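Notes for the one structure printed next.
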Amino acid sequence: MGSYLNPGNKGFRESINSMIYVDKTLLIEKMNRVLDTRQKFVCVSRPRRFGKSMAADMLAAYYEQGEDSSPLFDDLAVSRTETYRIHLNQYDVIKVNMQEFLSMSRNVEEMLSTFCRYIIFDLTEHFPDVRLRDENNLIQVMKDIFAGTKKPFIILIDEWDCLFREYQQDGDAQKQYLDFLRAWLKDKDYVALAYMTGILPIKKYGSHSALNMFAEYSMADPGNLAEDFGFTENEVKVLCEEYKMSFEEAKAWYDGYRLVTHKKDKDINYSIYSPKSVVEAMLRHKFGTYWNQTETYEALKIYIQMDIDGLKDEIVRMLAGENISVNIGTFSNDMTTFATKDDVLALLIHLGYLTYDSVFGTVMIPNREVSQEYVNAIRTMDWHEVINSVEASRKLLESLWAMDGEAVAEGVGRAHEEISILQYNDENSLSCTIHLAFYFAREYYTIIRELPSGKGFADVCFIPRRIHEDKPAVIIELKWDKDVSGAIAQIKERNYVNALKDYRGSLLMAGISYDRKTKKHTCVIEKLQLENRK
């Protein structure tokens, strides 16, 4: 057993022994299918703290010959698959974290030199009887070992993209690194599986990638690995039940990453949660912003303040809960090449600050936790009009609860003035203003736009989450350049209240209108007590 060759199963053993462990071993069965095939090159990109390193530890523990790992896996899901015993502890595994080599080096040349030297050290110790043509050349050393043993290697590379994150402006260093990986891995018989993980997809140079042999599984296109990184909704439900935590609150805080995969002639949508956030919430028995604590909001601030091609308007709309159309096809898979706002939005998808709907080609802010990160970043920027609206939203919600229509109209009016960067010429724009003006309502409510009900769609519904059932439900009907007096009547006539048929408690029906001539908002509010109709 070496430091990098067959490093042992301690990392995975620690994961299993942790207070919370979620079984993701079916990833192994998927990797078994591609061993020694043309599909043996796999690159997984996910945001930080989404389980990438744990998965690399798991694969190392399963494949490597150094230790008997059957006690770790025999009770896990992979043990019930056909290939489980065939490949268990049958390979020599090289497992590296590229961040380690980058951190100990002053430049890319030193990084690659150290990398080769350290891997060769482990190989020559493990295979002392193999005659080597050039013991200073990693590629030749591995060729000679394979020629002598006829056994290929499993190669696991964690944090493969660290150089692109730390050497963001050094295109020559990036190209040198990619060329090295290509020479080491591509068309080499000694590779049974090359598996890489990182945050960014593989960097593009011109019309091709130096690592075009890899199949990529990203936040934008997860393929059949959608459920293998991050927690699924069912997994979170089980944890909430075990730790007696509200699943509804967990969903509001941490849900929102939509990953789509194609199975048996149909698309399957997965709701994916950040493992770091869910685990911390369960163990601390408190919902909060845990994923955000792993990286300062300054990282997000750098990108959203660029305001390329109207980016600021799009961020404001997403902060108000809207989906934004995006073209991710031009993204160069780095952190510096931005031709349009879509390139910035594509990067934010991979960093975990946005979620991508591949069916509709749209992005949105995934959940309350990540939304708070945007607010933190905006507080330190010159977007004073946006943060003023967010901070005023608490008082506006209190005015709504107090049924103070005049105060609500004034508050919405101020929000409109603050975010006048948005075109304000139709009901949809009014809806955006309402959502941003009532930003604080997310503390207590699930907010649904255009909720189907009765004979139409309720424009905006605030549905109290279970632990906030003392708060009234709210239906808001919006009117653009029309008399607000008809809004409440429309809610009743079209039976929008039916959308809350499972809700018991008080309901506020609010009509909000904007008059283009006077440039004023008006608001009327009525209260209704709903009986339990379950």
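Treat the numbers as computed from the prediction; the structure is a model and nothing was measured.
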Q: Using a cut-off of 6.0 Å, state whether more than 12 heavy atoms not belonging to Asp75 lie near its atom CG.
A: no
**Q.** Test side-chain contact (heavy atoms from CB on, under 4.5 Å) applied to Ile28 and Met58, step by step
**A.** CA-CA 8 Å; Ile28 296 171; Met58 176 183 72; 3.8 Å; yes
Q. Roughly how far apart are Met219 CE and Leu200 CG, rounded to 0.5 Å?
A. 12.5 Å
Q) Which atom names give the shortest non-hydrogen contact between Gln169 and Thr336, and what distance separates them? A) NE2-CG2, 3.3 Å
Q: May I have the step-by-step check of side-chain hydrogen bond (donor to acceptor under 3.5 Å, both in side chains) for Thr261 and Asn224, ending in yes or no?
A: CA-CA 6 Å; Thr261 188; Asn224 67 335; over 6 Å; no
Q: Quick one: pull up CD in Glu410 and OG1 in Thr522 and give me the separation to the nearest 0.5 Å.
A: 12.0 Å
Q. For the side chain of Arg449 and the backbone of Val460, is there at least one donor-acceptor N/O pair under 3.5 Å apart?
A. no
Q | Stepwise side-chain hydrogen bond (donor to acceptor under 3.5 Å, both in side chains) test for Ser277 and Glu369 | A | CA-CA 9 Å; Ser277 305; Glu369 180 182 39; 2.8 Å; yes
**Q.** Where at least one partner belongs to residues 344-368, residue pairs that pass salt bridge (charged side-chain N to carboxylate O under 4.0 Å, His left out), sequence neighbours excluded
**A.** Arg368-Glu443
**Q.** Those residues that, when tested against Lys519, pass side-chain contact (heavy atoms from CB on, under 4.5 Å) (two or more places apart)
**A.** Tyr514
(Q) So does Val44 get a backbone contact from the side chain of Thr197, meaning a donor-acceptor N/O pair under 3.5 Å? (A) no
(Q) Counting the benzene-type ring for Trp, do Phe229 and Tyr217 have ring centres under 6.0 Å apart? (A) no
Q: Check whether any side-chain N or O of Ser218 sits under 3.5 Å from a backbone N or O of Ala220 as a donor-acceptor pair, and report yes or no.
A: yes
Q.
As a quick check of understanding, evaluate side-chain contact (heavy atoms from CB on, under 4.5 Å) for Tyr257 and Ser271, giving each step before the final call.
A. CA-CA 6 Å; Tyr257 294 102; Ser271 243; over 6 Å; no
**Q.** Gap between atom CZ of Arg442 and atom CG of Leu397 - 0.5 Å precision
**A.** 12.5 Å
(Q) Testing the basics here: between Gly511 and Val484, what is the closest heavy-atom pair and its distance to 0.1 Å? (A) O-CG2, 3.2 Å
Q | Test log, rule side-chain contact (heavy atoms from CB on, under 4.5 Å), inputs Arg13 and Leu72 | A | CA-CA 7 Å; Arg13 188 168 66 249; Leu72 299 179; 3.9 Å; yes
Q: Would you confirm whether Lys479, through its side chain, and Ala487, through its main-chain N or O, come within 3.5 Å as a donor-acceptor pair?
A: no
Q) Is it true that Lys237 and Glu241 make a salt bridge, defined as a side-chain N closer than 4.0 Å to a carboxylate O? A) no
Q.
For the aromatic rings, using the six-membered ring if either is Trp, is the centroid distance between Tyr353 and Trp291 under 6.0 Å?
A. yes
Q.
Less than 4.5 Å apart, side chain to side chain, heavy atoms only: is that true for Ile328 and His350?
A. no
(Q) Could you tell me if Asp158 and Ser53 have a donor-acceptor pair between their side chains, going purely by distance under 3.5 Å? (A) yes
Q. Is the number of heavy atoms from other residues, nucleotides or ligands under 6.0 Å of Arg33 CZ greater than 12?
A. yes
**Q.** More than 12 heavy atoms from other groups under 6.0 Å of OH on Tyr21
**A.** yes
Q | Under 3.5 Å: donor-acceptor pair, side chain of Asp342, backbone of Asn327 | A | yes
Q: Would you please test Lys482 and Glu477 for salt bridge (Lys or Arg N to Asp or Glu O under 4.0 Å) and show each step?
A: CA-CA 12 Å; Lys482 293 180 181 178; Glu477 180 65 22; over 6 Å; no
Q: State, to 0.1 Å, how close Tyr254 and Gly288 come at their nearest heavy-atom pair, and which atoms those are.
A: OH-O, 2.8 Å
Q | Side-chain donor-acceptor pair present, Ser371, Tyr439, cut-off under 3.5 Å | A | yes
Q) So which of Glu159, Arg165, Glu166 actually passes side-chain hydrogen bond (donor to acceptor under 3.5 Å, both in side chains) with Gln99? A) Glu166
Q) Under 3.5 Å, is there a donor-acceptor pair between the side chain of Thr355 and the main chain of Arg258? A) yes
Q) What class does the angle between the rings of Phe12 and Phe73 fall in, given that below 30° is parallel, 30 to 60° is tilted and above 60° is perpendicular? A) parallel
Q: Flag yes if more than 12 heavy atoms outside Glu406 fall under 6.0 Å of its CD atom; otherwise flag no.
A: no
(Q) Quick one, Asp334 with Ser332, criterion side-chain hydrogen bond (donor to acceptor under 3.5 Å, both in side chains). Give me CA distance, side-chain angles, the key distance, then yes/no. (A) CA-CA 6 Å; Asp334 63 24; Ser332 296; 5.1 Å; no
**Q.** Flag, side chain of Asp459 to backbone of Leu478, donor-acceptor distance under 3.5 Å
**A.** yes
Q: Could you go through the side-chain hydrogen bond (donor to acceptor under 3.5 Å, both in side chains) check for Gln490 and Tyr496 one step at a time?
A: CA-CA 8 Å; Gln490 181 173 321; Tyr496 291 165; 3.2 Å; yes
**Q.** Side-chain donor or acceptor of Gln174 paired with backbone N/O of Tyr167 under 3.5 Å
**A.** yes
Q) Looking at Asp515 and Lys520, does any basic side-chain N land under 4.0 Å from a carboxylate oxygen? A) no
**Q.** Verdict with reasoning, His521 to Leu430, per side-chain contact (heavy atoms from CB on, under 4.5 Å)
**A.** CA-CA 10 Å; His521 296 79; Leu430 176 57; 4.0 Å; yes
**Q.** Sidechain-backbone polar pair: Lys301 side chain, Thr380 backbone, donor-acceptor under 3.5 Å
**A.** yes
Q) Ile20 and side-chain contact (heavy atoms from CB on, under 4.5 Å): which partner among Glu242, Met282, Glu280? A) Met282
Q: Please check if the distance between the ring centroids of Tyr444 and Trp401 is under 6.0 Å.
A: yes
